[in-house]
Amino acid sequence: MACLSPSQLQKNRNLKPRVVGSQPGAVQATAPAVLWERFQEDGFLVLEGFLSADECEAMQRRIGEIVAEMDVPLHCRTEFSTQEEEQLRAQGSTDYFLSSGDKIRFFFEKGVFDKQGNFLVPPEKSINKIGHALHAHDPIFRGVTHSPKVQALARSLGLQMPVVVQSMYIFKQPHFGGEVTPHQDASFLYTEPLGRVLGLWIALEDAVLENGCLWFIPGSHRGGVSRRMVRAPAGSAPGTSFLGSEPTRDNSFFVPTPVLRGALVLIHGEVVHKSERNFSDRSRQAYTFHLMEAAGTVWSPDNWLQPTPELPFPPLYI
Ligand code: AKG
C-alpha cells in the first residue's frame with residue numbers, strides 16, 4: 001500500500017480548493033467535463049448551492065424528530081469502573097458499531113454521560129453522528145440520496161452502477177463537536193480496484209473555519225491508501241484492527257474548504273481530509289453518504305461495513 005511522499009505533498013501545498021457555482025441552481029448549468037476534470041485534479045470538488053435552504057431545513061427538522069425519539073442502549077451510556085465491566089462495555093459498543101451498517105444508530109461525543117449513564121448535556125447536544133443507513137430507512141433521507149439532482153450528478157460523473165454503501169448525519173456540536181482526524185475514506189470503505197468510492201457531503205449549515213469545516217490535501221488521492229481498517233474474526237475483541245498506519249502530515253498541506261449551507265462537497269475515496277474541533281457556538285450539521293461504482297468493483301470482505309440480507313447496497317438509480 002502506498003502513501004504520498006513529502007515531495008508529492010509539497011507539490012500540492014499551494015493548490016486552492018475549486019468551487020463551482022455560488023447560487024442555487026448553478027450546479028446544473030455546469031458542464032460535466034469541467035466538473036470531472038477539477039475533481040480528478042484535486043480529489044474533491046465544492047458544488048455551492050446544490051440544495052436549497054428549504055431542502056436543508058427539511059433534513060434538519062426530520063433529524064430533530066428522530067433524535068427526540070432515540071433509544072440509547074445502556075452500554076453506550078454507562079461508564080463502568082471495573083476492568084471486566086469496561087471490557088463488556090467496550091465489546092457492547094463495538095457490536096453496536098459493527099452492526100450499525102443497516103440501521104439508524106446514535107454515536108456520542110466523549111464525556112457527555114455521568115457514571116450512571118445520565119446525560120450531562122441535553123441529549124440533542126450530545127450526539128456526534130447518526131449512522132449508517134438513514135438513506136435506507138428514512139423517507140426524507142432516502143428522497144435526498146436518490147433525488148433526481150444526485151442521480152444527474154452521478155451520471156454526469158460517468159457512474160454506471162452506483163450503489164449507496166452508507167450514510168451519516170454529522171452534528172459537529174457547538175463548543176465540543178470533536179475533530180475528525182486526517183484520513184482517507186477508502187481506509188474504511190476499501191475496494192478493488194481503488195478509486196471506486198465517492199463521498200457526497202452536504203452542508204446543512206454554513207461550514208466555516210470556526211465551526212469545523214472540511215480540510216483537504218489536494219491531489220492526495222493519487223498516492224494509494226496508507227492504512228486499512230479490517231474486521232477481526234467474529235466475536236473477537238476489539239472487533240476491528242488497522243493494517244498500516246496513517247502517516248504524520250504537515251498541517252500546512254491541508255486547504256480549508258469553507259462552504260455555505262446547501263453546498264455539496266464531492267470527496268474522492270482516497271483524498272486525505274479532516275475537520276477540526278468545533279470551538280464556536282454554532283453547530284455545523286452535515287448529511288453525507290458514500291457511493292460505490294459497482295461495475296467491475298469488488299467490495300472488500302474485510303471492510304467493517306458489509307451489505308446484509310436485510311439491506312443489500314441499494315442502487316442509486318431507481
Ligand atoms: C467523512 O465523511 O469522511 C468525513 O471526514 C466527514 C468529516 C466531518 O463532517 O467533519
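The first residue in the sequence is number 1, and the count goes up from there. Atoms within each ligand, like the ligands themselves, are counted from 1 in listed order. Computation of the quantities below employed the complete heavy-atom set of this structure, encompassing side-chain atoms and omitting hydrogens, waters and symmetry-equivalent molecules.
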**Request:** Using the side-chain hydrogen bond (donor to acceptor under 3.5 Å, both in side chains) rule, take Arg105 and Ser99 through it: C-alpha gap first, then chi angles, then the decisive distance, then the call.
**Result:** CA-CA 9 Å; Arg105 288 203 164 157; Ser99 57; 2.8 Å; yes
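When each of Leu266, Leu159, Leu157 is checked for a side-chain contact (heavy atoms from CB on, under 4.5 Å) with Leu291, only Leu159 meets the rule.
There is no side-chain donor-acceptor pair under 3.5 Å between Arg249 and Ser220.
Summarising the geometry, atom CG belonging to Leu45 is positioned 12.5 Å from atom NE2 belonging to His268; distances are rounded to the nearest 0.5 Å.
Closest protein heavy atom to atom 3 (O) of ligand 1: Asp185 OD1, 2.8 Å. Remark: minimum distance from atom 4 (C) of ligand 1 to any protein heavy atom is reached at His273 NE2, 3.7 Å. Of the protein's heavy atoms, His183 CE1, 2.9 Å lies nearest to atom 5 (O) of ligand 1.
Although no hydrogens or angles enter the test, the distance criterion places no donor-acceptor pair under 3.5 Å between the side chain of Ser275 and the main chain of Glu179.
Taking every non-hydrogen atom of Ile170 and a distance limit under 4.0 Å, the qualifying atoms of ligand 1 come out as 6 (C), 9 (O). Each of the following atoms of ligand 1 lies closer than 4.0 Å to a heavy atom of Val180: 5 (O), 7 (C), 10 (O).
In this structure, Phe113 has its ring center under 6.0 Å from that of Phe119.
Only side-chain heavy atoms of Arg284 come within less than 4.0 Å of ligand 1; its backbone N, CA, C and O stay farther off. Contacts with ligand 1 closer than 4.0 Å are made by side-chain heavy atoms of Leu214 only, the backbone lying farther away.
Residue Ser275 has at least one nitrogen or oxygen atom sitting less than 3.5 Å from a nitrogen or oxygen atom of ligand 1, judged on distance alone.
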